[in-house]
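Note sheet for the following structure.
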Amino acid sequence: SVAWDAEDKRPEIGEYALEYIKRASPRWRFVVLLEGESVEVSLIPEAQWTLTPHALLKLNCGIGLSPQSPDVAPEVGLMLRF
């Protein structure tokens with residue numbers, strides 16, 4: 001994302017992400033994300049398990065690549081599609 005700083009009259013880079021998704025089977029997908037904002041950069045491997053056509057279980061663990069990032073940030077999520 002890019003934001004305009006009206007006071008300094010210049011654009012500022014916000015968040016960015018580079019993602020790779022690999023489908024291993026009809027139910028499993030694996031994702032690798034490189035995500036950052038300002039000086040924080042994280043690598044996030046993720047497994048996604050399709051429970052139903054409308055529900056997806058997401059399991060990931062963020063690994064900080066820069067000193068300002070959290071060292072490890074595990075997450076579990078449920079994504080619902082309608």
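Sequential numbering from 1 along the given sequence is applied to the chain's residues.
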[X]: hydrophobic cluster co-members (side-chain, 4.5 Å):
{"X": "Met79", "result": "Leu56"}
{"X": "Val31", "result": "Ile21, Leu33, Ile44"}
{"X": "Phe82", "result": "Trp28, Phe30, Trp49, Leu51, Leu57, Leu59, Val76, Leu78, Leu80"}

Euclidean distance, Ser42 OG relative to Leu65 CG, rounded to 0.5 Å: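 Atom-to-atom, Leu65:CG and Ser42:OG are 6.5 Å apart.
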
Spatial distance of atom NZ (Lys22) from atom CD (Gln48) [nearest 0.5 Å]: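 Separation between the atoms: 14.5 Å.
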
All pairs passing side-chain hydrogen bond (donor to acceptor under 3.5 Å, both in side chains) where residues 58-81 contributes a residue, at least two apart: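 side-chain hydrogen bond (donor to acceptor under 3.5 Å, both in side chains) check on residues 58-81 returns Glu46-Asn60, Ser66-Ser69.
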
Backbone N/O of Arg27 and side chain of Ser25: donor-acceptor pair under 3.5 Å: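 Side chain of Ser25 to backbone of Arg27, a donor-acceptor pair under 3.5 Å: yes, one is there.
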
Side-chain (Asp5) to main-chain (Glu7) donor-acceptor, under 3.5 angstrom: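 Here the side-chain-to-backbone pair exists.
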
Stepwise side chain to side chain contact (heavy atoms under 4.5 Å, CB included) check, Trp4 with Lys9: CA-CA 7 Å; Trp4 179 259; Lys9 295 184 170 54; 4.2 Å; yes

Residues which pass side-chain contact (heavy atoms from CB on, under 4.5 Å) with Pro74, listed by chain and number, not counting sequence neighbours: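 Checked Pro74 against side-chain contact (heavy atoms from CB on, under 4.5 Å); matches are Cys61, Val72.
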
Worked check of side chain to side chain contact (heavy atoms under 4.5 Å, CB included) between Val41 and Tyr16: CA-CA 9 Å; Val41 181; Tyr16 58 89; 3.4 Å; yes

Within residues 52-81 or reaching into it, pairs that qualify as ring-ring contact (aromatic ring centres under 6.0 Å, His included) - sequence neighbours excluded: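 Sorted pair list comes back empty.
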
